[in-house]
2 protein chains.
Amino acid sequence: MVPSGQEADNQPLHVAISEQLKAKIESGKYEPGERLPSEFDLGEAFGVSRTTVRKAIANLIQQGLVTTQQGKGIFVTEQHKITFSMSNPLMTFDAALRQQGYQGRVQSLRFQRVKASPEISHRLQLSTRGAEVYWQEKIIYADESPIALDMVYYPETIGKSLSAQLQAGFTYSTLLANGIDLNAAKVTLESIPATYELSEYLAVPLGMPLLVFNYVAYQGNHQPIVCGKTLSRSDWTCYNAEINLD
Amino acid sequence: MVPSGQEADNQPLHVAISEQLKAKIESGKYEPGERLPSEFDLGEAFGVSRTTVRKAIANLIQQGLVTTQQGKGIFVTEQHKITFSMSNPLMTFDAALRQQGYQGRVQSLRFQRVKASPEISHRLQLSTRGAEVYWQEKIIYADESPIALDMVYYPETIGKSLSAQLQAGFTYSTLLANGIDLNAAKVTLESIPATYELSEYLAVPLGMPLLVFNYVAYQGNHQPIVCGKTLSRSDWTCYNAEINLD
DNA sequence: TAGTGGTCTAGACCACACG
DNA sequence: GTGTGGTCTAGACCACTAC
């Protein structure tokens, strides 16, 4: 009883419906930003219950094709993509944003002195046991959209002396402006689905992919200056690199 | 009427339930690989309908914490993570797999001569219009798990002469074994949610994050030898790099 | 006030796994 | 056969948005 005749059979109804809607989105029949018919209307159009329509919409949300707004409707996702160079680790965020036509801004959620965990001690090569570090969490915005959550650890001396500036601006710019030149880094990149907590910070649906950029950055003399991780919305961000094995 | 007393209020029931289950998983009360109670039993335990339990389980699936198997049950996800070095682009897959204790294997889905698209022509720096290239799609396995889908384009001469070997093995190993030495690459890394098609190839739920490793690899003389993209399960894979700006 | 998506229920039937 | 997750229904109420 697939209504608007289509598709191979023995496919669940909600899949058939979401695939039909997906085709309309990808072919441009529903344009980015456009509102889809309401769940009720879609149910009537396809001859199914609202529950089934909602499952179909959930499929589209998981694929990042639409978002929903309570009281307003279902909207086709608009595309953005900002590329960050791995050759100048994360800290180029502000320059990269500016260069690609966005206004960058940070919102500091937390900036406090804490006892370094063994892992952080190791990454920052702190020799004294139980040394203190500064721990910052901040949200990075491109224009008005939150696109990344940055969790950073600074050695005590740096965090203390640059406290005010680090809370107001971007990490790399602040360090550079104070004569601290980073010229090496060890990084890893992976991806995780957004938890509830992260989905609220970054205004994404539960489970949406986030890129995790894990880094330790060093000064010329191999002294670690900062480490941390940047969790960024994968629908907004991309990393690139040029590799030479010579 | 939140049953097993807990949590702030005005949180949806399905969220409260999934967060409780999540806590039990992360604290180890449900161990990796272990089966959770059935949907029916969970519904009784929490005093909610099966629909609500299913929504809670869906939340956990989206966060990568559990997987379901029809007829069998709900199981806590087991953790794996294989790290690939970006300094030796994608092609080190087999060496990296072996080194980290997995048996690597490829399954070729397609290997055929096609007319190069403008994009591929550009990436491979093909001068003649409408040149032909070899297009390969293959699935990469770690032991018995599919972990990546590799889509590769080779210039005609290479694809033709190494046809049999490229279909049977890993790209980099095959090229190296034939005296083709890659020593530079341009790469980008991003992440996307799995579509239906990809979720079937890689045996993951719809929407699970996939890492997209996009690459063009060059021979010493700056000649592009191969380009393509590797879509890998983000729960299995991680990329790292060491960066020097000296 | 009307329309939208968000939550939740109770119940039905199906497909698959296992003994 | 029994138990499991997968699909689907019909209907209720709530929260939010807009007019």
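Here is the naming used below: chain letters follow the sequence lines, and residue numbers restart at 1 for every chain. Keep in mind that this is a model prediction, so the values were computed, not measured.
Relative to the side chain of Thr68(B), the nucleotides dG6(C), dT4(D), dG6(D) differ in distance, and dG6(D) lies closest. Minimum atom distance to the side chain of Ser38(A) is reached by dG5(C), of the listed dG5(C), dC16(C), dT4(D).
Both Val53(A) and Gly71(A) lie close to DNA chain D; mapped to their nearest nucleotides by heavy-atom distance, the more 5′-ward contact belongs to Val53(A). Where Leu36(B) and Arg50(A) meet DNA chain D, the nucleotide closest to each residue was compared, and Leu36(B) sits on the side nearer the 5' end.
Atom CG of residue Leu21(B) and atom CG of residue Leu65(B) lie 10.0 Å apart, to the nearest 0.5 angstrom.
Straight-line distance from the CG atom of Leu42(A) to the C1' atom of dG5(C): 12 Å, rounded to whole Å. Following rounding to the nearest Å, Arg35(B) (CZ) and dC16(C) (C1') show an atom-to-atom distance of 14 Å. Counting to the nearest Å, the P atom of dC14(C) and the CG atom of Leu13(A) are 15 Å from each other. The nearest whole Å value for the distance from the CD atom in Gln11(B) to the P atom in dT7(C) is 11 Å. What separates CZ of Phe40(B) from C1' of dG11(C) is a distance of 12 Å, to the nearest Å. When rounded to the nearest whole Å, the span between CD of Gln70(A) and P of dC13(D) equals 18 Å. Here the P atom of nucleotide dG6(D) and the CD atom of Glu39(B) are 6 Å apart, to the nearest Å. The NZ atom of Lys55(B) sits 16 Å away from the C1' atom of dT7(D) (whole-angstrom rounding).
The aromatic rings of Tyr154(A) and Phe111(A) are tilted relative to each other, their planes meeting at an angle between 30° and 60°.
Applying the 4.0 Å criterion to OP1 and OP2 of dG5(C), one finds that Lys72(A) has every side-chain N and O outside that range. For dG6(C), one of the phosphate oxygens OP1 or OP2 lies less than 4.0 angstrom from a side-chain nitrogen or oxygen of Arg54(A). For the OP1/OP2 pair of dT9(D) and a distance below 4.0 Å, the side-chain nitrogens and oxygens of Thr52(A) include at least one atom meeting the criterion. For dG11(C), the OP1/OP2 oxygens have no side-chain nitrogen or oxygen of Ser49(B) closer than 4.0 Å.
Within a 6.0 Å sphere centred on OH of Tyr201(A), other residues, nucleotides and ligands contribute 12 heavy atoms or fewer. Within 6.0 Å of the CD atom in Glu144(A), the count of heavy atoms belonging to other residues, nucleotides or ligands does not exceed 12. In the displayed structure, Tyr141(B) atom OH is contacted under 6.0 Å by more than 12 heavy atoms of other residues, nucleotides or ligands.
At the heavy-atom level, Ile57(A) lies nowhere under 4.0 Å from the strands shown. Thr51(A) comes within contact range of at least one nucleobase, with a heavy-atom separation under 4.0 Å.
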